[in-house]
Amino acid sequence: MDNGPGEAASTGGSIVTRALITGITGQDGSYLAELLLSKGYEVHGVIRRASTFNTRRIDHLYVDRHERDVRFFMHYGDTADGTRLTSLLAQILPDEIYHLASQSHVRVSFDEPEYTSEITGLGTLRLLEGIRQTGLGCRFYQASSSEMFGSAPPPQNELTVFAPRSPYGISKLFAHWTARNYREAYGMYTANGILFNHESPRRGETFVTRKITRAVARIRAGLDDELWMGNIDAIRDWGYAPEYVEGMWRILQCDEPADYVLATGAGYSVREFLTLAFDHVGLDWQNYVRFDESYLRPTEVDVVIGDSTKASREIGWAPKVHTPELVRIMVDADIRALAEGASASIDRPALPGWYPATG
Ligand code: NAP
Ligand code: GDD
């Protein structure tokens, strides 16, 4: 059975393309779900069972399944559980799968290397094997990462030799090569998006951009007076997440599966990000930022700057929002969220930092 995007499943007489998103509760999953719903897709998301609510980024999309014309469905599942993944595939019969679920924090991957390999690396294998065994003809997107480039000098593109420097990067590389192997060995439609850092007001609070923009909002409001940071010399290529999920969708619309780098092409240091964020509210970052070595990584990726020429040429993808504008979007959103109160915004921050030294 091959339900490619052009030959989608039929429900109630109308043609609907059916997507399965793992990691739907994350930053990218939430934006992607919005995008696909706006394109008329039927969207199925895999969520982890947790003792606390983990759906705050997608709560606004929820529709009671007893309503008419429901196109948004949630299923419990975990990338550690291959049996469940395979039964979900057989039940849902997706046309497109966006595999975004991952232990996605690089610093945490040094503390939990085995778990990270299990979830981020083997999780992809489990899903691909499930597709192969059920004989689905669906298209598969793998969320690969610029972290796989590690110490390879910039600019990095699809031809750059990978040199990962973290358990996370190594796990992503395993998943990346597994997706390619299933494409070559079994003729399956698998595509890797090698995405450079992309951020938004929905970014997890322990990634460096959001940690900074939240802190700026809180310092401005007089709620905090210091911000503890690790290596602020690291350089990243930061884009805007909603544009990157649109790129994911474009990657899966190609006739032939391929791998694409998505990036802005410009690098900024964490120090420059700090300057832009504090400047935006008229503060000097040097009065607030302190150094805490527990945020350092045993091996660091010093600089990643992407070259997305191939994506621009072949799928017409180009970012419009660059890092300075991204900083303004994120700082303004955190200021707004703070003013409205935590519960008023889907982009609201979680409780402040009791988390261990992870971000
Ligand atoms: P994120 O916000 O950390 O979201 C990760 C998602 O994976 C969450 O929905 C999380 O569920 C889910 N998840 C974690 N462990 C799972 C498990 N064992 N079983 C099922 N689901 C699990 O990450 P993101 O920023 O949206 O990134 C999406 C994907 O792109 C990730 O694979 C990430 O590694 C990759 N990536 C991200 C970037 C970036 O800059 N954002 C760049 C390159 C690649 P909970 O909500 O329950 O935790
Ligand atoms: N998190 C964090 N917290 N990072 C800090 C801090 C801090 O207090 N101080 C400095 N940094 C530096 C990190 O050492 C790193 O060099 C840089 O800021 C960015 O860190 P993160 O925001 O945690 O992102 P990342 O680049 O390690 O990983 C993200 O991007 C990858 C794409 O290359 C994650 O989203 C990954 O899932 C993604 O694949």
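Small disclaimer: the values here were computed from a predicted structure and weren't measured. Numbering of ligands and ligand atoms starts at 1, following listing order.
Considering R271, R297, H105 only, the shortest heavy-atom separation from atom 20 (O) of ligand 2 involves R297. The heavy atom nearest to atom 9 (N) of ligand 2, considering only S146, G204, S144, G230, is found in G230.
Taking every heavy atom of N197 and a limit of under 4.0 angstrom, the matching atoms of ligand 1 come to 40 (O). Numbered from 1 in the order shown, with element, the atoms of ligand 1 that lie under 4.0 Å from a heavy atom of Q27 read 2 (O), 25 (O), 26 (O), 41 (N). For ligand 1, the atoms sitting less than 4.0 Å from at least one non-hydrogen atom of S145 are 43 (C), 44 (C), numbered in the order shown with element in parentheses. The distance from ligand 1 to the heavy atoms of T25 drops below 4.0 Å at these ligand atoms: 8 (C), 9 (O), 10 (C), 11 (O), 45 (P), 46 (O), 47 (O). Close approach of ligand 2 to S104 (heavy-atom distance below 4.0 Å) involves ligand atoms 34 (C), 36 (C), 37 (O). Of all atoms in ligand 2, listed by their number and element, those nearer than 4.0 Å to a heavy atom of N231 are 9 (N), 10 (C), 11 (N), 12 (C). If you number the atoms of ligand 2 from 1 as listed, the ones under 4.0 Å from a heavy atom of R203 come out as 29 (C), 34 (C), 35 (O). Heavy-atom contacts of K211 reach the following atoms of ligand 2: 7 (C), 8 (O) (cutoff under 4.0 Å). Under a 4.0 Å criterion applied to the non-hydrogen atoms of V106, ligand 2 contributes the atoms 27 (O), 28 (O). The S145 neighbourhood of ligand 2 comprises atoms 31 (C), 32 (C), 33 (O), 38 (C), 39 (O), with distances under 4.0 Å to a heavy atom of that residue. Applying the 4.0 Å criterion to heavy atoms of A234 picks out, from ligand 2, the atoms 16 (O). Atoms of ligand 2 lying under 4.0 Å from at least one heavy atom of E147, given by number and element, are 33 (O).
Distances between N or O atoms of L100 and those of ligand 1 include at least one value under 3.5 Å. Note: an N/O pair closer than 3.5 Å links E300 and ligand 2 by distance alone. Considering backbone and side-chain atoms together, G26 places an N or O closer than 3.5 Å to an N or O of ligand 1. Every N/O-N/O distance between Q103 and ligand 1 stays at or above 3.5 Å. Between R48 and ligand 1, an N or O atom pair is found at a separation short of 3.5 Å. Ligand 1 has no nitrogen or oxygen under 3.5 angstrom from a nitrogen or oxygen of R57.
When only non-hydrogen protein atoms are considered, atom 30 (O) of ligand 1 lies nearest to A143 CB, 3.5 Å. Nearest non-hydrogen protein atom to atom 12 (C) of ligand 1 is G23 CA, 3.9 Å. Counting protein heavy atoms only, atom 23 (O) of ligand 1 is closest to S104 OG, 3.7 Å. Protein heavy atom nearest atom 14 (C) of ligand 1, with residue, atom name and distance: S102 O, 3.2 Å. For atom 21 (N) of ligand 1, the nearest protein heavy atom (residue, atom name, distance) is A101 CB, 3.4 Å. For atom 43 (C) of ligand 1, the closest heavy atom belonging to the protein is L195 O, 3.1 Å. Atom 26 (O) of ligand 1 has D28 N, 2.8 Å as its closest protein atom, hydrogens excluded (heavy atom only). Looking from atom 36 (N) of ligand 1 to the surrounding protein, the closest heavy atom is Y168 OH, 3.8 Å.
D334 and R210 are joined by a salt bridge, as a carboxylate oxygen and a charged side-chain nitrogen come within less than 4.0 angstrom of each other. No salt bridge links R328 with D332; every basic N to acidic carboxylate O contact stays at or beyond 4.0 Å. Look at D28 and R203 and you find no salt bridge, because none of the NZ, NE, NH1 or NH2 atoms lies under 4.0 Å from a carboxylate O. Looking at E96 and K39, no side-chain N of the basic residue comes within less than 4.0 Å of a carboxylate O on the acidic one, giving no salt bridge.
Residue L296 does not touch ligand 2, judged by heavy-atom distances below 4.0 Å. Contact annotation for I119 and ligand 1: only side-chain heavy atoms (C-beta onward) come within less than 4.0 Å of the ligand. Residue contacts with ligand 1 for S144 involve N, CA, C or O but no side-chain atom from C-beta outward (heavy atoms, distance under 4.0 Å). Counting heavy atoms under 4.0 Å from ligand 2, residue F207 touches it through both backbone and side chain. With a 4.0 Å heavy-atom cut-off, ligand 2 is reached by the backbone of V208 and by its side chain too. With a heavy-atom cut-off of 4.0 Å, H198 touches ligand 1 through backbone and side chain alike. When heavy-atom distances to ligand 1 are checked against a 4.0 Å cut-off, R203 comes that close only through its side chain, counted from C-beta outward. Contacts between K172 and ligand 2 below 4.0 angstrom, taking non-hydrogen atoms only, are absent altogether. At a heavy-atom cutoff of 4.0 Å, ligand 1 is contacted by no atom of E147, backbone or side chain.
Judged by distance alone, with hydrogens and angles left aside, the side-chain atoms of E199 form no donor-acceptor pair with the main-chain N or O of A241 at under 3.5 Å. Of the possible donor and acceptor atoms, none in the side chain of N192 sits under 3.5 Å from a partner among the backbone N and O of D259. At least one donor-acceptor pair closer than 3.5 Å links the side chain of N231 to the backbone N or O of D233. Side chain of S38 to backbone of L35: a donor-acceptor contact under 3.5 angstrom is found. The closest donor-acceptor contact from the side chain of R107 to the backbone of L296 lies under 3.5 Å. The backbone N or O of Y41 sits less than 3.5 Å from a side-chain atom of R71, completing a donor-acceptor pair. Between the T323 side chain and the W238 main chain, a donor and an acceptor come within less than 3.5 Å of each other. Between the side chain of R139 and the main chain of P257, no donor-acceptor pair closer than 3.5 Å is present.
In this structure Y244 satisfies the ring-ring contact (aromatic ring centres under 6.0 Å, His included) test together with H198, W317, sequence neighbours excluded. Residues satisfying the salt bridge (charged side-chain N to carboxylate O under 4.0 Å, His left out) test with E118, not counting sequence neighbours, are R126.
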Applying ring pair (Phe, Tyr, Trp, His ring centres under 6.0 Å), run through F72 and Y62 and close with a yes or a no. CA-CA 7 Å; F72 187 58; Y62 174 78; 7.9 Å; no
Does Y141 form a side-chain contact (heavy atoms from CB on, under 4.5 Å) with I97? I'd like the steps, not just the answer. CA-CA 6 Å; Y141 174 88; I97 298 177; over 6 Å; no
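Inspection of the E42 and H44 side chains reveals an N or O donor paired with an N or O acceptor under 3.5 Å.
In summary, of the residues considered (L100, L61, I58, T55), a side chain to side chain contact (heavy atoms under 4.5 Å, CB included) with I24 occurs for I58 alone.
The ring of Y189 has its center no closer than 6.0 angstrom to the ring center of F140.
The cationic atom of R49 (NZ for Lys, CZ for Arg) does not lie both less than 6.0 Å from the six-membered ring centre of Y76 and within 45° of the ring axis. In this structure, K172 is not positioned above the aromatic face of F162 in the sense of NZ or CZ being under 6.0 Å from the six-membered ring centre and within 45° of the axis.
Taking 4.0 Å as the cut-off, N54 counts as a neighbour of ligand 1 on heavy-atom distance. Heavy atoms of R202 stay at 4.0 angstrom or farther from ligand 1.
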